[in-house]
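Each ligand, and each atom within it, is numbered from 1 in the order the structure gives. All figures in this text were calculated on a predicted structure; none of them were measured in a lab.
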Amino acid sequence: MRAVQVTRHGDPIDVLAVNDVEVPEPEPGEVLIRVRAAALNFNDIDRCLGKLVSVTKDPPFTLGMDVCGVVEAAGAGTEDWVGQRVVAISKDALGGIAEYTVAPAAGVFRAPEPLADVEAAAFLLPFHTTHLALFHRAQLTAGETLLVHSGASGLGTAAIQLGVAAGARVFTTVSSPAKAELCRSLGAELVIDHTADDFVEAVLGATGDAGADVVCDLAGGGFVAPSWQCIARDGRYLPVGFTDDDENGMTGRPLRMASIGNFSIVGVLGAWVDDLDPGMRRFGFNPFTRADGDRVHEALLRLVDEGTIRPHVGRTVTMDEAGAALDDHEHRRSIGRTVVEVAASA
Ligand SMILES: NC(=O)c1ccc[n+]([C@@H]2O[C@H](COP(=O)([O-])OP(=O)(O)OC[C@H]3O[C@@H](n4cnc5c(N)ncnc54)[C@H](OP(=O)(O)O)[C@@H]3O)[C@@H](O)[C@H]2O)c1
């Protein structure tokens with residue numbers, strides 16, 4: 001089968017290649033998915049570069065996390081999924097941009113019916129993660145103010161839509177007029193170009209100095225400390241992403257700011273694990289369970305069915321174009337989700 005592989009560590013544009021590899025075999029508890037479409041994630045860049053990620057592998061390995069496809073075969077215990085159109089996170093968050101991928105059933109969900117394959121591939125991580133972040137972790141409610149950094153990113157476009165759907169006032173930061181326009185079209189009330197304007201002043205100005213009740217930070221790095229200057233008392237800061245951070249997210253952060261600002265730091269991990277490895281638990285992982293994932297998924301399916309939310313796919317590409325597309329993500333030229341049309345590339 002054809003697969004987009006990291007051939008050696010380096011920039012995506014230099015190291016990705018479409019190779020012929022063996023179709024993977026599902027182990028017990030896993031399914032084999034015939035992939036129709038697979039989304040690109042910012043984190044794929046780190047995997048190409050060989051930086052710290054949850055599961056490290058030596059090249060060559062196949063890239064790709066969230067996919068939409070049809071379950072073609074089952075490992076022991078997952079037979080019920082065979083034949084179903086699903087969205088899923090591939091095993092070890094790798095291997096998705098390929099004609100076939102294996103996924104643990106804990107990360108496999110029914111594909112939202114109203115969404116085409118390409119849109120469905122852009123659905124799972126953005127909407128599950130931000131739903132979990134905004135409503136379970138940060139308890140965002142109607143009338144509150146939500147600030148989303150990187151509003152035009154894959155996750156950002158989902159967070160804006162979920163915030164608007166919940167009746168929150170949604171503010172967001174972006175770096176270009178085109179991204180600003182997209183965020184406005186998704187319902188953001190205040191869109192701040194962080195390359196031109198001070199978002200601290202903009203947020204405080206729009207809230208009478210109260211600040212944002214919830215900050216969904218998809219950037220980290222230089223966005224962290226200023227966010228803590230314009231967050232509300234009892235506000236909730238969500239360190240969801242670290243696109244702007246050269247190092248590991250929280251390392252060396254001025255955590256004392258959380259104390260003097262009287263707000264909570266609420267982490268979130270978009271993963272569903274029922275049998276957590278004790279070593280991983282002791283490292284500090286404490287993910288939600290599959291039952292939690294099912295609850296979120298049902299809530300999201302209702303929102304999709306009623307037309308309240310829809311993934312934003314900025315661009316579709318072929319497998320051969322994945323490296324150049326990731327380069328666009330790395331250099332801020334992407335808008336929304338970029339999706340690889342695997343079936344069409346074969
Ligand atoms: N916690 C979890 O479970 C979880 C799950 C999935 C993803 N994430 C994280 O969520 C974040 C968003 O992921 P995504 O795949 O949606 O991202 P993406 O679509 O590739 O977003 C890229 C955007 O990030 C922004 N950005 C901020 N600082 C940047 C920098 N220094 N260099 C390049 N871009 C920068 C840019 O927006 P502007 O130019 O408009 O600033 C850029 O357009 C990532 O950090 C990812 O790791 C976390």
Side-chain angles (χ1 to χ4, degrees), residues 11-12 38-49 51-54 63-66 89 93 96 107 121-134 136-138 147-161 172-183 188 191-197 199 216-224 226-227 238-250 265-273 285-288 292-293 296 311-315 322 325-339:
D11 280 320
L40 298 182
N41 275 279
F42 197 89
N43 276 5
D44 292 330
I45 298 163
D46 284 344
R47 288 174 171 83
C48 292
L49 291 169
K51 283 192 185 172
L52 182 67
V53 292
S54 34
L63 203 62
M65 295 168 75
D66 40 351
I89 305 299
F123 166 80
L124 188 54
L125 265 180
F127 278 103
H128 270 258
T129 306
T130 55
H131 192 287
L132 200 55
L134 299 183
H136 186 86
R137 300 295 290 125
L147 170 64
V148 179
H149 290 310
S150 312
S153 66
L155 269 73
T157 52
I160 291 172
Q161 292 181 68
T172 190
T173 62
V174 294
S175 69
S176 75
K179 291 177 179 180
E181 195 180 318
L182 169 64
C183 294
V191 182
I192 308 148
D193 183 338
H194 65 78
T195 65
D197 296 317
F199 74 79
C216 181
D217 188 356
L218 300 171
F223 290 78
V224 179
S227 295
L238 290 161
V240 184
F242 301 96
T243 19
D244 195 47
D245 207 325
D246 287 338
E247 304 297 329
N248 191 323
M250 293 303 291
I265 293 178
V266 274
V268 65
L269 181 67
W272 311 272
V273 183
F285 279 88
N286 202 357
F288 287 95
D292 297 312
V296 170
H312 184 83
V313 177
R315 188 155 68 117
L326 270 177
D327 193 62
D328 287 340
H329 278 254
E330 190 174 359
H331 296 99
R332 303 186 121 117
R333 294 186 297 264
S334 63
I335 288 197
R337 215 54 165 166
T338 303
V339 173

(request) Evaluate side chain to side chain contact (heavy atoms under 4.5 Å, CB included) for Asp66 paired with Arg337, printing each intermediate quantity in order. (result) CA-CA 11 Å; Asp66 40 351; Arg337 215 54 165 166; 3.1 Å; yes
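Closest protein heavy atom to atom 27 (C) of ligand 1: Arg332 NH2, 3.3 Å. Given atom 6 (C) of ligand 1, the protein heavy atom at minimum distance is Leu155 CD2, 3.7 Å. Closest to atom 11 (C) of ligand 1, if we only count protein heavy atoms, is Leu218 O, 3.6 Å. Here the heavy atom of the protein found nearest to atom 31 (N) of ligand 1 is Asp244 OD1, 2.7 Å. Summary of contacts: the protein heavy atom closest to atom 30 (C) of ligand 1 is Thr243 O, 3.6 Å. Counting protein heavy atoms only, atom 9 (C) of ligand 1 is closest to Gly241 CA, 3.6 Å. Looking from atom 3 (O) of ligand 1 to the surrounding protein, the closest heavy atom is Gly270 N, 2.8 Å. When hydrogens are left out, the protein atom nearest atom 23 (C) of ligand 1 is Ser153 CB, 4.0 Å; that is the closest non-hydrogen contact.
With hydrogens and angles ignored, the 3.5 Å screen pairs a side-chain donor or acceptor of Ser153 with a backbone N or O of Gly156. Listed for the Thr172 side chain is a donor-acceptor partner under 3.5 Å among the backbone atoms of Val148. Of the possible donor and acceptor atoms, one in the side chain of Asp244 sits under 3.5 Å from a partner among the backbone N and O of Gly222. Checking side-chain atoms of Asp217 against main-chain N and O of Ala219 turns up a donor-acceptor pair under 3.5 Å.
Partner of Thr173 under the side chain to side chain donor-acceptor pair (under 3.5 Å) criterion, out of His149, His194, Lys179: His149 alone.
Arg47 and Asn41 are not linked by any side-chain donor-acceptor pair at a separation below 3.5 angstrom, with hydrogens and angles left out of the test.
Per-residue contacts place Thr129 under 4.0 angstrom from the following atoms of ligand 1 (heavy atoms of the residue considered): 2 (C), 3 (O), 4 (C), 5 (C). Listed by atom number, the atoms of ligand 1 under 4.0 Å from Asn43 heavy atoms are 46 (C), 47 (O). Close approach of ligand 1 to His194 is summarised as follows: ligand atoms under 4.0 Å from at least one heavy atom of the residue are 38 (P), 41 (O). The contact set between ligand 1 and Leu269, taken as ligand atoms under 4.0 Å from a residue heavy atom, comprises 3 (O). Near Ala219, meaning under 4.0 Å from one of its heavy atoms, ligand 1 places the atoms 27 (C). For ligand 1 and Asn41, the ligand atoms under 4.0 Å from any heavy atom of the residue are 15 (O).
Atoms NE2 and NE2, from His131 and His136 in turn, are 11.0 Å apart once rounded to the nearest 0.5 Å. Distance check, rounded to the nearest 0.5 Å: CG of Leu182 to OG1 of Thr157 gives 6.5 Å. We find the OG1-CG distance between Thr130 and Leu134 to be 5.5 Å, quoted to the nearest 0.5 Å. The line from CG of Leu40 to OG of Ser334 is 9.0 Å long, rounded to the nearest 0.5 Å. To the nearest 0.5 Å, atom CD1 of residue Ile89 and atom CH2 of residue Trp272 are 5.0 Å apart. Interatomic distance, CD1 of Ile335 versus CG of Asp328, reported as 10.5 Å (0.5 Å rounding).
Not one N or O of Leu125 is nearer than 3.5 Å to an N or O of ligand 1, by distance alone. Some N or O of Val240 is nearer than 3.5 Å to an N or O of ligand 1, by distance alone. Checked against a 3.5 angstrom limit, the closest N/O atoms of Thr173 and ligand 1 fall outside it. Distances between N or O atoms of Val174 and those of ligand 1 include no value under 3.5 Å.
With Phe42, Phe242, Phe223 as candidates, the residue nearest to atom 13 (O) of ligand 1 on a non-hydrogen basis is Phe42. Between atom 19 (O) of ligand 1 and the options Gly151, Ser176, Gly154, the minimum heavy-atom separation is to Gly154. Among His329, Lys179, His149, the residue whose heavy atom lies closest to atom 43 (O) of ligand 1 is Lys179.
Contact between Arg337 and ligand 1 is present, with at least one heavy atom of the residue lying under 4.0 Å from the ligand.
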